Amino acid sequence: MQQTLAKAGKAKKETFSFESSNAESIMLVGDFTDWERNAVPLKRQKNGTWKATVTLEPGTYEYRFIVDGEWQDDPNCPTRRANSFGAMNCVREVG
């Protein structure tokens with residue numbers, strides 16, 4: 001327990017990205033955003049990649065993207081966990 005407390009406060013900036021040249025909007029949602037309640041908008045880059053950077057404490061987080069209203073997985077995330085909706089959440093480990 002003390003190790004966990006010792007790590008608290010060592011938040012890191014984590015960048016999430018999604019490639020789509022034809023999307024109108026992309027939102028990052030996850031357990032760290034209370035899912036859709038505090039979704040983080042990604043910003044379109046000139047090369048067609050969308051990005052958002054968030055600050056997260058060390059831990060394990062589950063997330064997905066909402067692309068033009070449709071829930072999407074992160075194709076670059078190798079780790080997944082089943083969710084209660086019959087789909088998979090992407091998993092991000094923050095050290």
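FYI, the numbering just counts along the sequence from 1. Keep in mind it's a predicted model, so treat the numbers as computed, not measured.
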Exercise. Under 4.5 Å between any side-chain heavy atoms of F65 and W71, yes or no?
Worked result: no
Exercise. Are side-chain heavy atoms of L42 and K51 found at a separation under 4.5 Å?
Worked result: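 Result no, sub-4.5 Å side-chain heavy-atom pair not found.
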Can you give each donor-acceptor pair under 3.5 Å made by side-chain atoms of residues 19-29, sequence neighbours left out, with the distance rounded to 0.1 Å?
{"unit_1": "S20", "atom_1": "OG", "unit_2": "N22", "atom_2": "OD1", "d": "3.1"}
{"unit_1": "S20", "atom_1": "OG", "unit_2": "A23", "atom_2": "N", "d": "3.2"}

Exercise. What's the verdict on side chain to side chain contact (heavy atoms under 4.5 Å, CB included) for R64 and D73, showing C-alpha distance, side-chain angles and the deciding distance?
Worked result: CA-CA 5 Å; R64 293 190 78 197; D73 294 331; 3.0 Å; yes
Exercise. If two hydrophobic side chains count as joined below 4.5 Å and joins carry through other members, does V40 share a cluster with F18?
Worked result: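 V40 clusters together with F18.
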Exercise. Any chain of hydrophobic side-chain contacts (each under 4.5 Å) joining V94 to F16?
Worked result: yes
Problem set entry | Partners passing side chain to side chain donor-acceptor pair (under 3.5 Å) against Y61 (at least two apart in sequence or in another chain) |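 Testing Y61 for side chain to side chain donor-acceptor pair (under 3.5 Å), a comparison that skips the adjacent residues, returns none.
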Separation between [atom1] of [X] and [atom2] of [Y], rounded to the nearest 0.5 Å:
| X | Y | atom1 | atom2 | result |
| --- | --- | --- | --- | --- |
| K43 | S17 | NZ | OG | 15.0 Å |
| D31 | N83 | CG | CG | 11.5 Å |
| N89 | T79 | CG | OG1 | 12.5 Å |
| F32 | E62 | CZ | CD | 10.5 Å |
| T55 | E14 | OG1 | CD | 9.5 Å |

Problem set entry | Distance-only donor-acceptor check, side chains D74 and Y63, under 3.5 Å |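 Yes, because at least one side-chain N or O of D74 sits under 3.5 Å from a partner of the opposite role on Y63.
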For this session: Identify the two heavy atoms, one from A52 and one from P41, that lie closest to each other, and give their separation to 0.1 Å.
Result: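 Answer, listing the atom of A52 first, then P41: CB-O, 3.8 Å.
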Exercise. Shortest non-hydrogen contact from A11 to E57?
Worked result: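 Heavy atoms only, the tightest pair is CB-OE2, 3.6 Å.
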